[in-house]
Amino acid sequence: MAGGEKKQSLSPKEIIHHKFVVKASYRIEQVHVSSQSNCLYRCHLQLPEFSVVSNVFKRKKDAELSAAELALEKLGIHPQDDDDITVEQAWDDMVERIKYIFSDEFLSSGHHPLGSHLRATLLRDGERHGSVPLSIIAAFDAKINSGCKVINPSVDQDPILAMSYVMKAAAKLTDYIVVSPHVASLRRKNPYPPAIVEALDTHGESIKVEAVYIQCATSGEEVVDPVILDISSGRYYLDVIAEKLGLKDGSQLIISRTFGKTPSGFECRVYSAIPKLNPSDKSSKAYGKRPADEEDQSSHFKTPWNAKASSACGQDIHGDAIVAAVGYSWRSNDIEHDDVTLKSFYRICCGMSPNGIYKFSRQALIAATLPFSFTTKSNWRGPLPREMLSIFCRQQQLAEPVFTISTSPVKPLSETLRSFKKLKDSESNDGNNQCVNEYAGSDDSFNHYNSKDEEELPVLESGYRCGVKILSKSLQDLVLDCSPGSFYEKESHAIQNAALKALTWFGSLFDDLDADPEQPRCYTKGQMNWMFTRNVMIKGKFPSSKRYEQPAYDESKTMDMDRKPKRVQTIPNGSLVSISYSVSVEVEADFWGRTGKCLRELIESNEEIEFEVGVGSMNPHLESVVTQMSVGQYACFITNMPAEGLVLADASDTARTRSLLSKLAAGLEYNVHLLGVKGPTEKRVESVFFKPQLSKQRVGYAVKLIKESSAASTLVDFGCGSGSLLESLLEVPTSLQTIVGVDISEKALDRAAKMVDSKLNKGACNLKTIRLYDGSILEFDSRLHGIDIATCLEVIERMEEDEAFQFGKTVLTLSRPKLLIVSTPNYEYNKILHKSSLYHSKDKSISQRSKFRSHEHKFEWTRAQFNHWASKLAKSHNYSVEFSGVGGSGNVDPGFASQIAVFKRKSFTEVKKVSTQPYKVIWEWTRAQGDKKN
C-alpha cells in the first residue's frame with residue numbers, strides 16, 4: 001500500500017467484534033494464587049467453532065485482550081497485517097504460508113478446515129491425488145486471504161482474483177509445489193511420508209445433503225430446483241458438487257464467501273464453475289489487476305451472469321450454481337452439513353434485503369413492509385432503522401454506517417407567533433397527488449398560515465438533521481452518501497429517518513421480493529383509493545360483523561365479488577391498529593373443471609399484530625381494507641399474487657405451494673379481523689397539520705407576551721407538564737427572576753426537572769429561582785399569592801367543565817396574577833382537521849368524546865363557550881380579557897385552532913391571605929446557593 005494516509009489499526013477485540021459480533025462471548029474467571037495477595041483473572045473466549053483460554057493477568061481487560069489475540073492467532077489473522085506490511089512482504093508471506101500448508105506439520109496438526117480438505121484430496125485416486133483446488137486455499141485460509149487484501153483489497157468481491165494471486169505465489173515454489181493451471185489446483189511435488197498418510201482418518205459415513213440448484217438463464221429468470229448431494233464415504237464433497245454442475249472435479253469450482261444461514265445455523269456458500277482462469281492469458285485479471293471498464297467484466301466470460309446466485313452471495317457468479325451448507329470446520333475433521341431447502345433458500349434471499357430484515361422481525365413476510373417514515377419510537381414496531389441498517393451493512397460486507405448530525409434553526413419566533421393570518425383552503429392539501437409531507441420526509445409542510453411579521457425575535461429552538469455515509473469494508477470506497485434535508489425536533493428522530501432513507505435506497509436493489517411491485521411509497525388517500533379499486537377484490541359482505549365463511553361456488557356470486565363500495569377511510573393515519581389475519585394462495589375454481597372448488601394453501605397467519613396506519617408498515621392491499629373497518633368487523637378479499645420467492649419463503653409446505661403456483665392461481669386470499677384501534681395522539685395530529693407544531697406556536701405566543709411584560713419578576717405555569725414553556729424561558733432573556741411549574745404528574749415533573757437541570761448545566765440564565773411543585777392546580781398554595789404572570793396552556797380541557805370554572809376562580813381570587821394566559825382547543829376547528837386523513841367523522845357509532853383531539857380531553861369548547869367562560873371570570877374578579885389564538889385566523893371561520901384568553905388585572909385589591917401549602921416541592925434551584933434539591 002504505497003503512499004496515502006495510514007488507516008488506524010483495529011485492536012484484537014475490535015477485530016473479534018467485527019467478525020463475530022454477538023457470537024463472541026467473553027467470560028472472566030477469578031484465579032486465587034496463594035503467593036499473591038490480589039486476585040488474578042483468566043478469560044474464556046467462546047467463538048462459534050472453538051474456544052480459547054488466556055493466561056492469568058492482574059487486570060480483566062488484559063485477560064480479555066490475551067484471549068482475543070489467541071483467537072486471532074488460531075484463525076490465522078494478524079491485526080497489523082493490512083497496515084504494517086508492504087505488498088512485497090505480503091507476497092513473501094503468502095509464499096511461506098503456501099509452503100507451510102503443504103508441510104508434514106500442517107497435515108498432522110489440529111482441525112484447521114484447510115487441513116481437512118488436504119486429507120480428503122489424499123484419498124483421491126490418480127492424477128487428482130493430493131491436488132488441492134485453488135478456490136479452497138483462497139477461501140478457507142485467513143492468512144492467505146489477508147495477504148491478498150494487502151495486494152488488492154478488491155479480492156473480497158472477486159474470488160477469481162484471489163485464486164490468481166495464490167497461483168502466482170505458488171509458482172515461486174517450483175522445487176516444492178506443482179502448479180496445475182489447466183485444472184486450477186496445487187499439489188506437493190514430493191509425496192507425504194507413508195506413515196502420515198496411513199494415519200489419516202479414512203472412516204466417514206455416507207451422507208445425503210439437500211441443496212439448491214440455480215440454473216442460469218440466457219433470457220428470463222433463473223430456474224431454482226432442489227438437488228440431492230450424495231456424498232459417499234471417502235469421496236471429496238467438492239467433487240460431488242462439481243459433478244452435479246457437469247464439471248470434472250472440484251478444482252474447477254469457484255467458492256463464494258459465506259452468506260445466510262439455514263434454520264440450524266449452518267452458513268451457506270455458492271458453488272459454480274470457474275468462468276475463466278488462464279495464467280497464459282495476458283488480460284488484466286490474470287495479472288491481478290481490475291479491468292479498466294468494470295461493466296465489461298460480464299462479457300469477459302463465456303457463460304452468462306447468474307443474477308439470482310450473485311444477488312444471494314454478493315459476488316459475481318456466472319453459469320449454473322449450487323447453494324449448499326456443507327464443509328469442514330474447526331470443530332472436527334468430519335464433514336458438517338445441513339439441508340438447504342427451497343424454503344430456506346428463499347428465506348435467506350429475502351433476509352438479505354432491508355425489506356426482508358423488517359419482514360422477518362415482524363414475522364409477517366407477506367403482510368409487513370419496510371416503513372418509509374419513522375414517526376415516534378412508541379409507534380414503531382420491530383428493530384429500529386439504525387439497528388436494521390447496521391445489520392444490512394454487516395450482511396453485505398459494508399462498513400458500519402457513519403451518521404453526521406447538524407443543527408439549524410427550524411423556525412424563528414417571528415414565524416411561530418402568527419395570530420392574524422388567512423387560513424388556507426384546507427382542500428388544497430387533500431393529498432391525492434402528493435404524499436403527506438411529514439411521512440415523505442419533505443421539507444415542505446402543511447402550513448395553514450402565512451408569515452408577514454418581520455419582527456426580529458430570538459430563535460425558539462433548533463432542529464436536527466442527519467446525514468449518513470456508508471463505505472465498502474475493504475476498499476473504503478463511498479457506497480452511499482445520504483443527506484436528508486428534513487429537520488426533526490429530536491436528534492434521535494433525525495438519525496432514525498436518515499437510516500430509514502438509506503435502507504429504502506438499498507431496498508430498491510431488491511425489488512424482486514417486494515410484496516407488490518406496484519406498492520406506493522407514500523400512503524396518500526388517492527394512492528390507497530387507487531390500490532383498493534385496482535388490486536383488491538372483496539368477497540362477500542364488506543365489512544362483516546360475522547366471521548367470514550366460504551360460500552358454495554356459484555358463477556353468479558363471482559359477479560358480486562367485483563362490486564364493492566367506494567373506499568371510505570374511517571381509521572386516521574397515525575393510529576395504531578391491531579388485527580388478526582390469514583393469507584392463503586387460492587387457485588381458481590375454473591382450473592379444476594367439474595369439481596367447481598377453489599384450492600387453497602395457508603401461507604401466513606398471525607393471531608395479533610399491531611401497526612401504525614399511514615407509514616407503509618403493512619402492504620397497501622391490507623391497509624386499504626383495514627382502514628375502512630370498525631373494531632370487531634371481519635373482511636375477506638383477494639389481491640394479485642406477489643413474487644413467487646416471497647410466497648415460497650413463507651409457505652409451510654413448499655412443494656404443494658409451488659405446485660399451486662404453477663396452476664392458474666387467482667391470487668392471495670386475506671381473511672382479516674380488526675381487533676382494536678388507538679387513535680393518533682394530539683401531539684401527532686398537530687405535528688402533521690401545523691408546521692411548527694401548534695404546541696410550539698402556543699409557547700411562542702406566551703413567550704412574546706412575557707417578554708413584553710418587562711416589569712414582571714415571577715411566573716407560575718399551571719399544568720407545566722414536561723416543562724416546554726419553562727424550557728423556552730431559559731433560552732430567551734426576560735425580566736423574570738423566579739419561575740415555578742405546577743403539575744399533578746410526577747413523571748412529567750421528573751422530565752421537566754431533568755430538562756431544566758440540563759439547560760442550567762449548558763449555560764447561565766438571568767433567573768434566581770426555579771421551583772417545581774407536585775400538586776393539583778384546583779388547590780391554592782399561599783406561596784403563589786401575588787405573582788406577576790400565570791400561564792395555563794392546553795390544560796383546562798383535561799378536567800371537567802365545572803373544575804375549569806373552579807380553577808379560574810381559585811387563580812383569579814387567591815393567586816391574583818397581573819397577567820393570566822389560558823389556551824384551550826377550539827372545537828369548531830376540528831371540522832378542518834376532520835377533512836384531513838388524521839380524522840374521520842362519517843362513522844355514526846363514534847362518541848362525541850372520540851371526536852375531540854385527544855381521548856384525554858373531557859370537553860372542548862367552541863369560541864362562544866370559551867368567550868362566555870373567560871368573560872364571566874374576568875367580570876367577577878375585576879380583570880379585563882382579550883381573545884386571540886394560534887393556528888388559523890381569528891378573522892375567518894372557524895377561527896384559531898387553539899384559542900387564547902389573556903386576562904389583565906385592573907387593580908390590586910388586598911384580600912385576606914389564606915395560609916396553606918398543599919404543594920410538595922419536587923425540585924428546586926437557587927442561584928444564591930447554587931444548589932439543587934430533590
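Side chains are part of it too, since the values below use all heavy atoms of this structure and drop only hydrogens, waters and symmetry mates.
Residues His493 and Phe374 bring their aromatic ring centres within 6.0 Å.
For the atom pair NZ of Lys904 and CD1 of Ile821, the computed distance is 9.5 Å after rounding to the nearest 0.5 Å. Interatomic distance, Leu694 CG to Phe896 CZ, rounded to the nearest 0.5 Å: 11.0 Å.
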Trp380/Leu500 under side-chain contact (heavy atoms from CB on, under 4.5 Å): CA gap, chis, key distance, verdict: CA-CA 12 Å; Trp380 184 269; Leu500 194 53; 4.2 Å; yes
Residues Leu726, Leu772; criterion side-chain contact (heavy atoms from CB on, under 4.5 Å); working and verdict: CA-CA 10 Å; Leu726 306 184; Leu772 298 177; 3.8 Å; yes
Test side-chain contact (heavy atoms from CB on, under 4.5 Å) applied to Leu736 and Ser709, step by step: CA-CA 9 Å; Leu736 296 176; Ser709 303; over 6 Å; no
side-chain contact (heavy atoms from CB on, under 4.5 Å) between Val822 and Phe903, worked out: CA-CA 8 Å; Val822 179; Phe903 298 83; 4.1 Å; yes
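Side chain of Ser735 to backbone of Ser710: a donor-acceptor contact under 3.5 angstrom is found. Remark: side-chain polar atoms of Asn766 are not paired, donor with acceptor, to backbone N or O of Pro733 under 3.5 angstrom. The backbone N or O of Ile495 lies less than 3.5 Å from no partner atom in the side chain of Arg386, so there is not a single donor-acceptor pair. Side-chain atoms of Thr738 never come within 3.5 Å of backbone atoms of Leu715 as a donor-acceptor pair (strictly under, hydrogens ignored). Using modelled atom types, no side-chain atom of Ser575 and backbone atom of Val577 make a donor-acceptor pair closer than 3.5 Å. Between the side chain of Gln899 and the backbone N or O of Pro825, at least one donor-acceptor pair lies under 3.5 Å. Glu800 contributes no side-chain N or O that, together with a main-chain N or O of Lys858, makes up a donor-acceptor pair within less than 3.5 Å. Looking at Thr734, its side chain never comes within 3.5 Å of a backbone N or O of Lys707 through a donor-acceptor pair. For Arg771 (side chain) and Val921 (main-chain N/O), no donor-acceptor pair under 3.5 Å exists by modelled atom type. Side-chain N or O atoms of Arg783 include one that pairs as donor or acceptor with a backbone N or O of Tyr919 at under 3.5 Å.
Residues Ser898 and Gln697 bring no donor and acceptor atom of their side chains to less than 3.5 Å of each other. Judged by distance alone, the side chains of Ser695 and Glu794 never bring a donor and an acceptor atom under 3.5 Å apart. Residues Trp869 and Glu801 have side chains that never bring a donor and an acceptor to within less than 3.5 angstrom of each other. Side chains of Glu612 and Ser617: no donor on one and acceptor on the other come within 3.5 Å.
Smallest separation of non-hydrogen atoms from Tyr879 and His877: CD1-O, 3.0 Å. Contact record, Ile789 with Pro817: C-CB, 4.3 Å, taken as the closest heavy-atom pair. Residues Glu860 and Tyr827 share a closest heavy-atom pair of O-CB, 3.6 Å. Taking each heavy atom of Phe859 and Phe852 in turn, the nearest pair found is CA-CE1, 3.7 Å. Between Glu608 and Ser578, the shortest heavy-atom distance links the atoms OE2-OG, 3.0 Å. Nearest heavy-atom pair across Phe805 and Leu873 is O-CD2, 4.1 Å.
When side chains are defined from C-beta on, Asp717 does not count as touching Leu729, because their heavy atoms never get closer than 4.5 Å. Side chains of Val703 and Leu725 form a contact here, defined as non-hydrogen atoms less than 4.5 Å apart. Ile744 has its side chain out of reach of Ile777: every pair of non-hydrogen atoms, C-beta onward, lies at least 4.5 Å apart. Proximity of Ile579 to Met629: side-chain heavy atoms (C-beta onward) are nowhere separated by under 4.5 Å. You'll find the side chain of Tyr488 stays beyond 4.5 Å of the side chain of Cys466, heavy atoms only. Residues Val902 and Tyr701 have side chains in contact (heavy-atom distance under 4.5 Å, counting atoms from C-beta outward). Gln496 places none of its side-chain heavy atoms less than 4.5 Å from the side chain of Lys377. Taking the side chain as every heavy atom from C-beta outward, Ile770 and Leu760 approach each other to under 4.5 Å.
Evaluated for a side-chain contact (heavy atoms from CB on, under 4.5 Å) with Val716, the options Ile739, Leu784, Leu820, Thr791 yield exactly one hit, Leu784. Of the residues Asn573, Leu576, Asn379, Val626, the one that meets the side-chain contact (heavy atoms from CB on, under 4.5 Å) test with Val613 is Asn573.
Ring-plane geometry between Trp861 and Phe866 is classed as tilted, the angle between the planes lying from 30 to 60 degrees on a 0 to 90 degree scale.
Scanning for side chain to side chain contact (heavy atoms under 4.5 Å, CB included) contacts around Glu856 gives Arg798, Ser854, with sequence neighbours left out. Take Asp788 and apply the side-chain hydrogen bond (donor to acceptor under 3.5 Å, both in side chains) test, not counting sequence neighbours, and it matches Ser713, Thr714, Lys818.
Within the structure, salt bridge (charged side-chain N to carboxylate O under 4.0 Å, His left out) pairs that include any residue of residues 819-830 comprise Glu828-Arg863 (at least two apart or interchain).
Around atom CD of Glu882, no more than 12 heavy atoms belonging to other residues, nucleotides or ligands sit under 6.0 Å away.
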